[in-house]
Engineer: 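To start, I am sharing the structure in question, which I have written as structure tokens.
All ligand and atom numbering here is 1-based and tracks the order in the structure.
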Amino acid sequence: MPDDTRYGSEMARRAVMTGAGALAACAALVACGSSGSQSVEVPSEAPLTPTVPAQPEPAGSLGDRLASTSDIPVGGGTVIAGKKVVVTQPVSGTFAAFSAICTHRGCTVNKVANGTIDCPCHGSRFAIADGSVVEGPASRPLARRQITVSGDAIELA
Ligand code: FES
């Protein structure tokens with residue numbers, strides 16, 4: 001007569017070892033059931049870290065052209081939303097540039113009119129000459145951006 005405890009135990013082992021999950025698990029393990037230590041076999045075709053081919057520097061990345069001098073009205077300015085920059089010309093031939101990000105809550109200013117750079121969110125206005133606050137709620141000036149003017153080209157420095 002078979003030992004019921006041993007027979008039941010053997011059946012349980014077979015049920016576990018013949019299941020598809022056990023086969024898959026054992027296939028992935030090099031030392032399945034041998035010495036007690038296990039190592040995981042990683043398929044050689046699967047890279048551990050993705051490789052990204054080196055990209056060449058984009059042409060013209062040293063100077064970032066913002067506008068032509070003729071695009072900037074005297075006594076006014078232009079918001080270059082795509083670059084998050086405002087370029088102004090407070091007096092003829094003198095250009096300045098500021099971040100277009102309002103210092104109040106981070107909206108992008110959207111208009112230059114009547115000598116100020118205006119934020120649409122809560123009404124802050126900044127002076128075109130130096131970016132200082134003309135009207136709050138902003139309490140800090142717009143950050144100045146460095147530019148170069150070469151011929152008719154205005155570029156970020
Ligand atoms: Fe510009 Fe509030 S974010 S006024």
Engineer: Of all the atoms in H122, is at least one N, O or S atom closer to atom 1 (Fe) of ligand 1 than 2.8 Å?
Structural biologist: no
Engineer: What atoms in ligand 1 come closer than 4.0 Å to a heavy atom of S124?
Structural biologist: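 That gives atoms 4 (S) of ligand 1.
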Engineer: Take T116 and N114 through the side chain to side chain donor-acceptor pair (under 3.5 Å) test and state the conclusion after the steps.
Structural biologist: CA-CA 6 Å; T116 61; N114 303 317; over 6 Å; no
Engineer: Given S99 and K84, is the side chain to side chain donor-acceptor pair (under 3.5 Å) satisfied, shown in steps?
Structural biologist: CA-CA 6 Å; S99 167; K84 302 286 188 193; over 6 Å; no
Engineer: Find all atoms of ligand 1 within a distance of less than 4.0 Å from any non-hydrogen atom belonging to C107, and give their numbers and elements.
Structural biologist: 3 (S)
Engineer: When you measure from atom 3 (S) of ligand 1 to every protein heavy atom, which one gives the shortest distance, and what is it?
Structural biologist: R105 N, 3.3 Å
Engineer: For I101, which of L142, V109, T108 qualifies under side-chain contact (heavy atoms from CB on, under 4.5 Å)?
Structural biologist: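 Result: among L142, V109, T108, T108 is the only option passing the side-chain contact (heavy atoms from CB on, under 4.5 Å) with I101.
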Engineer: Could you tell me the separation between the CZ atom of R125 and the NZ atom of K111, rounded to the nearest 0.5 Å?
Structural biologist: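 Result: 9.0 Å between the selected atoms.
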Engineer: So does H104 have any N/O/S atom less than 2.8 Å away from atom 1 (Fe) of ligand 1?
Structural biologist: no
Engineer: List the steps and the verdict of side chain to side chain contact (heavy atoms under 4.5 Å, CB included) for F126 and V134.
Structural biologist: CA-CA 5 Å; F126 305 88; V134 172; 5.8 Å; no
